[in-house]
Amino acid sequence: MDKQPFAKNTSRAPVSQRINKEDGVSGEVTINIDGVDVTVPAQTTILEAALTIGIRIPTLCHHEDLCLAGVCRICVVEVEGQRTLQTSCAYPVTEGMKVKTYSPRVRRARMNILQLLLKNHHGECYSCARNNNCQLQFYAKNYGIRSYKFGHISEKRYSADESSYSVQRDMDKCILCRRCVRTCIDLQEVGVLEAARRGAQTKIETYMDKPLNEVLCINCGQCINRCPTGALKAKDPSEKIWEAIDDPTKHVILQTAPSPRAAIGEEFGLPAGNSMTKQLNTAAKRIGFDRVFDTNFTADLTIMEEGTELLTRLRAALTEKDSSAKLPQITSCSPGWVKFCEHFYPDYLGHLSTAKSPQQMFGAVIKTWYAKKSNLDPKNVVSVSLMPCTAKKFELERPEMNDSGAQDVDYGLTTREFADMIKKCGLDLPNLPEYDFDNPLGIGTGAGLVFGATGGVMEAAIRTAYELVTGEEVPFDNLKVEPVRGMKGVRSAAIPIKKTVDDWAFLKGATLKVMIGHGTANAKKIMEMLVAGELNDYHFIEIMACPGGCIGGGGQPIPTSPEIRQARAKAIYDEDESLTLRKSHENPVVQEIYSEFFTDGPCSELSHKLLHTAYVQRGKRIDEKQKEMNAQRVKPETGQH
Amino acid sequence: MSKQIFTKNANVEKLEPYKRRSALLPRLQEVQKQKGYISDNDMQDIADEFDIHPVEVYSVVSFYSFLTNKKHGKNIIRVSTCASSKCAGSDNVVKAFEQSLGIKAGECTKDGEFSFEKTSCLGMCDVSPAILVNDTLVGPVNPEEVEAIIKACKEGGVLPNAYTTKATKRDGKIIFSKVEAYVGLKKALDCGFDAVIKEISESNMRGRGGAGFTTGLKWKLAAEKQSDVKFVICNADEGEPGTFKDRVLLVEYAQTLFEGMVIAGYAIGATEGILYLRGEYGAFKPALEDMLEKMRQENALGNNIFGKEFNFDIKIHLGSGAYICGEETALIESLEGSRGEPRNRPPFPVNTGYNGHPTVVNNVETLIAVVHIIAKGASCFKEIGTPNSSGTKIISVSGDCKKPGVYEIEFGTSIVDILSMVGADDTKAVQVGGASGTCITKDEFKRKIAFEDLSTGGSIMIFNKTRNMLDIADNFLAFFAEESCGQCTPCREGIPVLQERLKMIQENNCDEDEFKDLFSLTETMADASKCGLGQTAPKALCDIIEKFNNEYTLLKDKKEKEIYG
């Protein structure tokens, strides 16, 4: 399996937090765990070794995506010959080692540690977003906690930070495992959260404990996905959506992105990798949405706009030697990545495609073309999106996203929040009948679908651009553009263009060079190469803020791991293969909208007004100006608006 | 437009960021010294400079008690709150300052002239109550002198009882015995590094910081590790309440100490030594720098030391007020510009230490003893002490006695002998090894200072019959609560529970079940904490409530068990 460790190997992780691998130690060792001999590769941790014989040692600070911490201490075990208990997550096995994972001493330690964590864990489970999916709750049950031996805090100590459009923090529920810190600093390299102060005063804080919307948070929500408790959650708009559904004057539309359907089954007890596309439509209709549309449609539209933009830039750069045409062009459908770029590479925003994300294109089309076609007053149309993403909540509030005359997308739901709405109606999603998307915006292609996985936008773009330019299908088996698939953090591919149709003759003999990165730590690597001038011969780069792309988004079911993301990606690729329409330009609705509405074609004046956007040079100084910009009170400075 | 975060070093991948970060704490100290605090702007500028995130700078600033992002007074007065100072009346000193300055501890005067704070042990227990006025250690402080101290700060006069670095005549069998400068070093260079390690191993020398790891073995492991870059670090971050031996050694035996570092460097194949000096001893830095300069001129440091193909130099790194940095891996984290949070072990520093390189961390006293061992031979060292604990121990004695101070004793010396040496009558309890050590009562006074009996980093605190031992335990816990790094659960969350339960005991409001839970917790803290601080934090409390159970009564069973809050 193409397993890509992220923060585990990052150079940024302090020495103490890297996986302790000694050079030159290899081979296998045999150890004894609870009386059972087990042979594992040298340098395996006790935790991993125990798992091979079916022992799940409890963990809280440990996470498969993250570097070591060894701070929660819940995973302690007894290692013969060691005076103190050792953390199994950090301790490498050595030949002949004897380990006890549930001796009286270990059980006492785990009970006491749980009691200590529960002491200051404020709030009860009923009102928590993570009720029934909380690791602390899980262990409290498993270890038979029936009373609070060391007391239980009854007063809140901190006020919850609900300033952000996307991510909410309630430090009263924090158990200081620091997964969010390692996610933010090491995995994503955004660097918003860190442990501050010391001793009992230790608290995870932003810079100077400012509200999240005043610092450089990119809203990716990866911290939420890795929080073991309810200390981090997304801002849930579902109450407002229920109100709209219950209001007979409102026409409520749901657009669903490709990734939620590949993951929402997990919220209903299915293993990762089961697509629920059509059951999801049924659920949406039963909940009361008037229409359920497919975001894949605007993903296809994105390919048309973004692809045209790329070819235009290529023409300008190659034939007109126009240096203002910024190449490589970089994708802009990931709002977390866009904000990352606005903060850390504000001088390179010109490389971003001006095309809006599929969510925002959809919003603009619904309240214009669709409203007109359906004789609806846009004022009565409520546009809701189902996204795998928390950053989409911020994106739809951006002041430049009002091109239809009103806010283009009214509410953004995460996969988790939509699962809750389904559950509220008592719907058993996996066993619902199948229902197709509504017309007219219910047709999306497989190309739009694969947007959900890292490399998907690139694959979709290549399927269309290659065919437009050469007049032939991409030269890959069954349209599977394998070189851009996989989970490697940064990868690149080169596609030679041997022949062209007349319009694109200037590309004849050229080699299209592309690069893909997912997770903002990898985005940073790519941008550093770009800044250093090492990517001058590249043409198109896809960057997604989240590890794995949208399928690993901050709004997806919890937990997440490399295996889970791999399974979700596979579900998407399999579904793509099962479809007949697999190229964006073949989408009949896309063709229809260009003949009916955007009659001047992609990147025309009207499409620029509705389907393209501009960016804000936010920079990374944390000050009053930053606060204004993050509060969405500042209009963009850079772009074509 | 502000500068970009990542673009300054285009080769960001090639330059490992943590290496650059090593200069972070000195930089922060510089700004703290210049401006009295590190402002929002400064933190962000420094983050740019080091190519790290502002929150990382903020996180580090908030960790160390000598760094602050809030405006301080022009003068900072810190009063030691350790048990010795308390016994000597530090509460009255605090009151006097609060009255004279018109502010509470932790505040700043309106005119911005003074900040007043309480702090952990200053290493001045022999002259307590002690205070730290800006860089200057002062003790003992009489409440009547407080006005004079404030006046001296304002007008630049001489502080009464400021600590002077005047050498005293000291006697002892090893550390305080005479050794000609560089005899040890020259001998070491002549006999080769293998022989040096062999000699140290033969001497049975064990680390003097408290843990007692065999010095020869530590050096051997580091020497065997293949690496172009290795480090010798001298841990001069003594902060254990009641310990002040390093203060004396740093002031009076600096040359021998540095010579010991050079020998260690030679033995393990290091080219660089770092003295990690606790922030409270910042005033000693200039004299120590002078000594290094002198040694460079004498060719005992620098290139081709004494004509041999061996280069070694030493730099001094100042701490910023964090007891935990005395833990060797926390010390290394701190040197790397991070919060002083202990690491997971393995890997051990001899393998993966400072900036990932093999590193030997030795106590001040250990490195001085090394010089004597090399100069005079392992056998001279080994014949002193007990079979398991060779040599002598420098102890710092404070509390209720007539002659507090620093003494060199042979391992195997009993507590009774020490008490009579320092003129302690009426002794109720002796705390051996500081807050993390062992509390012993009268019937144990025959016990001996030795690794196999009472192991200590040097702190001996004496309490007479007038002292309430539960108050002493409370003082120790307050110290740990202040100094815990807050990283691991048992220590961070456990210490406040210990404090709560102790308070319940003091108020006669603890029943037997709650008492049992308390003991269960102390065992878990000892078992499961990440480092020695958490593991030993409950020790004194356990000793005291076990051995002085006549000083409190437990409830049989609470009728209505109160839930907290």
Side-chain angles (χ1 to χ4, degrees), chain A residues 11-12 14-16 20 22 68 70-74 76 84-85 87 90 92 105 108-109 112-113 116-117 119-120 148-155 176 185 191-202 205-208 215 344-347 524-525 527-528 531-532 617 619-622, chain B residues 1-2 4-7 10-13 16-18 40 44 52-56 58-59 62-63 69 322 329 333 336 338-339 343-344 346-347 351-352 355-356 481-490 492-497 500 517 520-521 523-524 526-530 535 563-565:
Chain A
S11 60
R12 217 176 169 91
V15 173
S16 55
N20 169 35
E22 264 196 73
L68 274 181
V71 297
C72 77
R73 315 304 286 178
I74 192 108
V76 285
T84 55
L85 301 178
T87 45
R105 217 171 137 204
R108 177 182 66 200
N112 280 328
I113 287 166
L116 288 174
L117 289 171
K119 179 175 192 286
N120 285 324
Y148 298 121
K149 260 201 319 192
F150 304 129
H152 184 61
I153 193 162
S154 57
E155 299 287 318
L176 292 160
I185 292 187
V192 163
L193 301 173
E194 232 314 7
R197 306 163 209 282
R198 69 185 190 202
Q201 270 69 50
T202 309
E205 290 184 12
T206 58
Y207 177 65
M208 294 183 81
V215 295
F344 301 116
Y345 299 94
D347 297 336
K524 188 189 128 190
K525 283 183 194 158
M527 290 311 285
E528 287 306 320
V531 170
Q617 281 196 314
K620 64 182 186 71
R621 198 72 180 184
I622 301 165
Chain B
M1 200 73 245
S2 56
Q4 293 201 1
I5 186 165
F6 300 124
T7 47
N11 295 330
V12 74
E13 278 301 296
E16 297 213 65
Y18 67 86
D40 179 358
Q44 295 203 49
I52 55 179
H53 304 289
V55 74
E56 294 179 272
Y58 167 70
S59 157
S62 72
F63 183 87
N69 60 6
T329 59
E333 284 285 307
E336 290 180 4
S338 298
R339 297 159 64 84
R343 295 177 173 178
N344 296 305
N351 249 319
T352 309
N355 281 341
E482 171 63 31
E483 299 295 342
S484 160
C485 80
Q487 181 186 197
C488 78
T489 313
R492 180 189 65 238
E493 307 290 343
I495 293 167
V497 174
E500 283 172 19
D517 290 344
S520 164
L521 175 62
E523 280 163 2
T524 288
D527 268 350
S529 293
K530 192 166 185 174
Q535 287 160 13
I563 301 295
Y564 282 65

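Chain naming here is simple, since letters A, B, ... match the order of the sequence lines and numbering starts at 1 in each.
For the atom pair CZ of B/F63 and OG of B/S338, the computed distance is 10.0 Å after rounding to the nearest 0.5 Å. A distance of 7.5 Å separates CG of B/D517 from CG of A/N112, quoted to the nearest 0.5 Å. Of the inter-residue distances, the one linking B/I52 atom CD1 with B/S59 atom OG reads 9.5 Å to the nearest 0.5 angstrom.
Most heavy-atom pairs under 4.5 Å with chain A: of the set B/A322, B/P490, B/P496, B/A481, this distinction falls to B/P490. Ranked by heavy-atom pairs under 4.5 Å with chain B, the list A/Q201, A/R105, A/R73 is led by A/R73. Counting heavy-atom pairs under 4.5 Å between each of B/T489, B/I495, B/L521 and chain A puts B/T489 at the top. Between chain A and the options B/Q44, B/E493, B/R492, B/K530, heavy-atom pairs under 4.5 Å are most frequent for B/Q44. With chain B as the partner, the residue from A/L117, A/V192, A/I622 showing the most heavy-atom pairs under 4.5 Å is A/I622.
A/R108 has its side chain within reach of B/T524: a pair of non-hydrogen atoms, C-beta onward, lies under 4.5 Å apart.
Residues meeting the side-chain contact (heavy atoms from CB on, under 4.5 Å) test with B/E482, sequence neighbours left out: A/R198, B/S120. By the side-chain contact (heavy atoms from CB on, under 4.5 Å) test, A/A195 is found to be paired with A/R178, A/T202, A/I204, B/R339, residues two or more places apart in sequence or in another chain being considered.
Heavy atoms closer than 4.5 Å to chain B are found in both the backbone and the side chain of A/E205. With a 4.5 Å cut-off on non-hydrogen atoms, B/S529 touches chain A through its backbone but not through its side chain.
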